[in-house]
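Hydrogens, waters and symmetry mates play no part in the numbers below; they use all other heavy atoms, side chains included.
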Amino acid sequence: MKSRRIGLTAALTGLAPAIWGSTYLVTTELLPPDRPLLATTMRALPGGLFLLALGRKLPAGIWWWRALVLGVLNIGAFNFLLFVAAYRLPGGIAALIMSAQPMFVVILAALFLGDRIRAVHALACAMGTGGVGLLVFKGAASLDTVGVLAAVGGALCMASGITLTKRWGRPEGVSLLTFTGWQLTAGGVVLLPFWLSLEDLPDGLTGSNVIGFAYLITLGAVLSYIVWFRGIERLPAVAVSFLALGSPVVATLLGYLVKDQTLSVLQIVGMVVIFLAVVLGQPRPPKPRSEETPSPPPRTTDSRLPDHPALEQERSG
């Protein structure tokens, strides 16, 4: 894969975390409050069923349980834990804890994909976490145990989902849209009974609620996950994991642009550090092989020329 193709693939894949970063604003401004299960289920299930209707192909054989596992890790459990952490942790602490996700992928990729742990990845992990810390940390804050565990669990779910999606790949003959539909549907179906049993239905939906749910279903789920799974197919798992660091950057920028939040010098430095971490985490194109210096032609002895002084004298005499 050439350098330009790698850059274009990484940029397109990075659109998914950028869209996910906007869901923080959508959740707080447009969705019914304090209903993470409703938000997660509505984000996954309608879009998944729509893609299934388009593809008209269900999993077969081993892919029944693989689709279920990937749907839970990539979508169901991950999004639920993310919403819980966002509701219970103040000051961007959830984003700070979630920034450990690339480190988990580096370890899991070494164990299950045979990838080598490189020093540059360790450096990028440290820079990513440090950059997110500069971006979102706003002083000492009381930590909620459930929120912290939810954030750690969300990071592990995402890391495991990326690794297993890379390891198992996509079954032959199944389109990317159908593959995405399997996972969205699986994640939504698993969440559905928990939502119905643990949360009350909202009294009614406002126009803002409808717009918020429509955004989550179309951009926040269908489009973003299609792009995300395409990136996992074409890029190393570790490279994809670093792209997820763009989510808190977008969330911070939207807070500044839409909600008139302040943007300090340290936050700008944090964005730069995150960008550098993402760049370090991307694969490098193989160096072109240098042309081998052609070996000199074999030395041949011309029979017409003398090769010994005595023989020369004999022939001349």
Side-chain angles (χ1 to χ4, degrees), residues 1 5-6 8-20 23 40-82 101 104-105 108-109 112-115 154 156-192 215-244 246-247 283:
M1 186 182 291
R5 287 186 60 191
I6 292 175
L8 290 175
T9 301
L12 181 59
T13 307
L15 287 177
I19 293 172
W20 297 337
T23 60
T40 306
T41 305
M42 288 298 296
R43 181 181 184 182
L45 191 54
L49 293 175
F50 173 73
L51 292 179
L52 281 185
L54 286 181
R56 298 183 181 181
K57 190 168 187 177
L58 294 175
I62 195 174
W63 275 100
W64 277 106
W65 72 265
R66 283 185 175 181
L68 177 62
V69 171
L70 293 178
V72 170
L73 291 176
N74 284 321
I75 296 161
F78 166 69
N79 281 287
F80 171 64
L81 292 172
L82 182 63
Q101 175 263 135
F104 295 149
V105 174
L108 292 174
F112 297 104
L113 303 178
D115 292 354
L156 285 172
C157 282
M158 187 177 196
S160 302
I162 291 173
T163 305
L164 288 178
T165 303
K166 187 69 177 181
R167 179 180 175 86
W168 290 339
R170 176 160 47 100
E172 186 177 355
V174 175
S175 69
L176 183 60
L177 271 66
T178 299
F179 185 62
T180 305
W182 290 355
Q183 297 191 51
L184 286 171
T185 302
V189 168
V190 168
L191 285 168
L192 186 60
Y215 180 87
L216 287 185
I217 294 168
T218 55
L219 295 179
V222 173
L223 177 63
S224 61
Y225 275 108
I226 289 173
V227 169
W228 185 246
F229 293 140
R230 177 185 180 274
I232 294 177
E233 288 183 353
R234 303 189 179 200
L235 294 171
V238 173
V240 175
S241 71
F242 281 106
L243 293 172
S247 184

Between the OG1 atom in T180 and the CD1 atom in I226, the distance rounded to the nearest 0.5 Å is 5.0 Å
Over all atoms of both residues, closest heavy-atom pair of P59 and W64: O-NE1, 2.9 Å
According to the salt bridge (charged side-chain N to carboxylate O under 4.0 Å, His left out) rule, which pairs have a member within residues 161-171, sequence neighbours left out? R170-E233
Sorted by chain and residue number, the side-chain contact (heavy atoms from CB on, under 4.5 Å) partners of T23 (sequence neighbours excluded) come out as R43, L216
Smallest separation among heavy atoms of Q101 and S241, with atom names: OE1-CB, 3.0 Å
Contacts of S175 that satisfy side-chain hydrogen bond (donor to acceptor under 3.5 Å, both in side chains) - sequence neighbours left out: T178
Determine, step by step, whether L73 and Q183 satisfy the side-chain contact (heavy atoms from CB on, under 4.5 Å) criterion, reporting the C-alpha distance in whole Å, the side-chain angles of both residues, the deciding distance to 0.1 Å, and the verdict. CA-CA 9 Å; L73 291 176; Q183 297 191 51; over 6 Å; no
Identified side-chain contact (heavy atoms from CB on, under 4.5 Å) partner of I232 from the options V240, L164, T13, T163: V240
According to ring pair (Phe, Tyr, Trp, His ring centres under 6.0 Å), who are the partners of W65, at least two apart in sequence or on a separate chain? W168
For L45 and T185, what are the C-alpha separation, side-chain angles and deciding distance, and is it a side-chain contact (heavy atoms from CB on, under 4.5 Å)? CA-CA 5 Å; L45 191 54; T185 302; 4.3 Å; yes
Report the distance from atom CG of L70 to atom CZ of F179, rounding to the nearest 0.5 Å. 5.5 Å
Can you name the residues that form a ring pair (Phe, Tyr, Trp, His ring centres under 6.0 Å) with F80, not counting sequence neighbours? none
Which pair of heavy atoms, one from C157 and one from A77, lies closest together, and at what distance? SG-CB, 3.8 Å
Between N79 and L191, is any pair of side-chain heavy atoms under 4.5 Å apart? no
Restricting to non-hydrogen atoms, name the atom on S224 and the atom on G220 that form the minimum distance, rounded to 0.1 Å. OG-O, 2.9 Å
Heavy-atom check, side chain of V189 versus side chain of L192, under 4.5 Å: no
I162 CD1 to L235 CG distance, which is reported to the nearest 0.5 Å: 11.0 Å
Apply side-chain hydrogen bond (donor to acceptor under 3.5 Å, both in side chains) to S160 and list each qualifying residue two or more places apart in sequence or on a separate chain. none
Check side-chain contact (heavy atoms from CB on, under 4.5 Å) between F104 and all other residues, then give those that pass, not counting sequence neighbours. A100, A155, L156, A159
Give me the atom names and distance for the closest heavy-atom approach of L223 to I19. CD2-CD1, 4.4 Å
Looking at every heavy atom in both W182 and A67, which two are closest together, and how far apart are they? CB-CB, 4.1 Å
Among L52, L51, V222, which residue satisfies the side-chain contact (heavy atoms from CB on, under 4.5 Å) criterion with L177? L51
Sequence-distant partners of T165, side-chain hydrogen bond (donor to acceptor under 3.5 Å, both in side chains), two or more places apart: N74
Taking side-chain contact (heavy atoms from CB on, under 4.5 Å) as the test, write out the residues that go with P46, two or more places apart. M42, I217
Set of ring pair (Phe, Tyr, Trp, His ring centres under 6.0 Å) partners for W228, sequence neighbours left out: W20
Among residues at least two apart in sequence or on other chains, which ones pass side-chain contact (heavy atoms from CB on, under 4.5 Å) with P236? A239, P283
